[in-house]
There are 2 protein chains.
Amino acid sequence: MNFKLNCNKQNDSTCILQGFKNKRQRAFAEREQELLSLAEGLMDKLGFAALTMDKLVAACDYSKGTVYNHFSSKEDLLCALCTRSMETELALFERAMTFNGCNREKLLAVCFAYRLHALLNPTQFYCVLSAKTPAVMEKASAARLEHQQLLEQALGEVGDKIFEQAMSNAELPQSEQRAASQLTFAAWALMFGSNALFSAASEAQMLQQLDAEQSILLNINLLLDGMQFSPLSSEHDYAQSWQRISDQIFAEEVALVKRKVR
Amino acid sequence: MNFKLNCNKQNDSTCILQGFKNKRQRAFAEREQELLSLAEGLMDKLGFAALTMDKLVAACDYSKGTVYNHFSSKEDLLCALCTRSMETELALFERAMTFNGCNREKLLAVCFAYRLHALLNPTQFYCVLSAKTPAVMEKASAARLEHQQLLEQALGEVGDKIFEQAMSNAELPQSEQRAASQLTFAAWALMFGSNALFSAASEAQMLQQLDAEQSILLNINLLLDGMQFSPLSSEHDYAQSWQRISDQIFAEEVALVKRKVR
DNA sequence: ACCTGAACACCGTTCAAGT
DNA sequence: ACCTGAACACCGTTCAAGT
C-alpha cells in the first residue's frame, strides 16, 4: 500500500513485484524493464560513458517521447538502473540468509552476496556508484529517489535482522551506542568502500584482483571481531565458511564469474 | 625526477609543487590552478551537474582552445579537480600526523582529517567520488590518471607508516596476512564508504547529520579494535582523543564547518 | 490517453586562421 | 609556439500534431 502512494501512473513500473490493477499498467512496467535491460546491454557493449538517450531510442522499438515517459531524464534512467541493481541484490541477500550457519556466518554470506553482485554485474555496480553522485541525485525524479530509499532500507533490514538475532543470542554484546542499525551501517560502509575502491583500481595498481577476495574477507572479519561478534576469527576458520558459502549457496554464480575472468 | 617523465609540456601543471625550469611552465601551472579554482567555484554556486566547459570558458579570461590545452575533456577536468582535492587532503594528513599521542590516536587524527576534508569541501569530495566512476575514468587523460595514482599512493603511505610503527612498538600484532598496506586499505575503504554514504544520504534519511560524526568514530574504532590495535577502545576514551584532535590540530577548520552549517 | 519524431537549445570538441 | 573563436557534430529535452 505504501508503494502505491509513491507510484503515479508513469512510474509504477518500479513496483514490478506488486500486482497491477489492469493490463495497461502491467504492459508499462514490462516495457520499462525491457528498456532498462537494453540500456544495461548498451553500457556493457559500448562502455559506460557511451550510453545515450539517442542510442537507447534507436535500439528499442519506441519513440523518444515514449522513452521520456518512463525516464524524466538521463540521470533518472541511471537511477532506475541503480534501483534495479538493488532489487537483484536483495534477491541475492535473501538467498544468502538461507545459509545454514551461525549468525556471523550468515552475515558473511550477505557480504559474499554483495561482493558477488559487484563482480557478476560490474555495470550495475557502476550505476549504484554513479547514483551516489550529486550529478545524478540532482537530476533524478523524486519518485525514483524515494523508491531507491525504500530499497536501501529493505537491504539494511537484512543486516539489522542478523545483528539483532546475534544480540538476543548473546553472540554480540548489546549496547546503546551500538544499535543493530549502527552495526549494519558500519558493515555496509566497509563493503561499499571496498567494492568501490577495488572496482576503480586499474589493472597495475595496488593489489591484484585475486587478492581482492582475500582483502574483503579480512576487512569484514576485522570489523566483526571489533564488534566482538562471536565466534571471533581467532576461534573459527571463516575462510572455510567463505568457501562453504560459495559452494553451497552461490556455486552457479561463482562459476559464471570465473568463466568471465577466463 | 620521476614526475618529469609523466609531464609533457601540456600537463606539467600537475607538478605544481615541483620547481620549474622556466617562467612559461610556471605561468601555465598557475593558470591551471586558476581554472580549477574557477571550476570549483562554479560547481559550488550552480550545482555539480551545471558545470559546463562553455561556462568555464565564459568565466575565465581565456579561450576555449586554451582551456582544452589544459584539460583534454570535461572528464579530464573533473579528474584534475579530484587530484587537487587529494593534494589538500595530503596536507591535512600531514598536519594530523603532528598530533601528540599514541599511534592509534595518530591514525584517528588522519581519519579526522579525512572526514573534515569532506565536510569542509563537499564539492571536492564529490569530485573524488565521481573520479571513481567509469564515465570519468574512461575519458580522463592517461597522464592525469597516473598523477592521481601517485597521490593515492602518497596518501596510503601515511596510513602505512602509522601501522608499521605500531607493529614495531608491539601495539599491533604482526602477521603475514595483515600487512600494513592491508590494514591501510581496510581503514581507507571504511572511511571512504562512510563518507560517501553519508554525503549521498538526503536530509530525512537514516541518521541525521549530527549522528554522522559519532558513527564515523564508532566505525573506525570497531575496525581498529578488530585489528587489536592497542590501547583498545575499552581501555581508552577515544571520544576524548577525537575532541583533543579537533581542538589542538583542526580548531580553525572545525569552526569553519560549524559556521557553514549554521 | 498515449505515441511520434521533427525541432530546438545547448554542450563538448576541433581546427584553420591568426599573432 | 601558442592562442582564438567560429564551426561542427552530437546530445538531451520538448511539444505540436497525429492516432
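Proteins come first, then strands; the chains are lettered A, B, ... in the order of their sequence lines, and each starts at number 1.
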Ranking dC3(D), dA1(C), dT13(D) by distance to the side chain of R24(A), first place goes to dA1(C)

Rounded to the Å, how far apart are L56(B) CG and dT4(D) P?
-> 13 Å

Short side-chain N/O contact from N69(A) to OP1 or OP2 of dC2(C), under 4.0 Å = no

Is R31(B) near enough to dC3(D) that one of its side-chain N or O atoms lies under 4.0 angstrom from OP1 or OP2?
-> yes

Nearest whole angstrom, please: distance from the C1' of dC11(D) to the CD of E75(B).
-> 13 Å

N/O donor-acceptor pair, side chain K64(B) with base dT13(C), under 3.5 angstrom | yes

Round to a whole Å and report the spacing from OH of Y68(B) to C1' of dC8(D).
-> 13 Å

Note: for M53(A) and G65(B) on DNA chain D, the residue whose nearest nucleotide lies more 5' is G65(B)

So which nucleotide from dC3(D), dC3(C), dG12(D) ends up closest to the side chain of T66(A)?
-> dC3(C)

Partner of dA9(D) by Watson-Crick or G-U wobble geometry, both contacts under 3.5 Å, or none?
-> none

Spatial distance of atom OG (S63(A)) from atom CG (N69(A)) [nearest 0.5 Å] = 8.0 Å

Looking only at dG12(C), dC3(C), dG12(D), the nucleotide nearest the D54(B) side chain is dG12(C)

dT13(D) phosphate, OP1 or OP2: any side-chain N/O from K139(A) under 4.0 angstrom?
-> yes

Can you check whether A50(B)'s main-chain N or O pairs, donor with acceptor, with K55(B)'s side chain at less than 3.5 Å?
-> yes

With a 3.5 angstrom cut-off on both distances, give the Watson-Crick or G-U wobble partner of dA16(D), or none if there isn't one.
-> dT4(C)

Where does the angle between the aromatic ring planes of Y126(A) and F48(A) fall among parallel (under 30°), tilted (30 to 60°) and perpendicular (over 60°)?
-> perpendicular

Which part of the nucleic acid, if any, lies within contact of T52(B), taking any heavy atom under 4.0 Å across all strands shown: a base, the sugar-phosphate backbone alone, or nothing?
-> sugar-phosphate

Beyond-backbone contact of Y62(B) with Y68(B), side-chain heavy atoms, under 4.5 angstrom = no

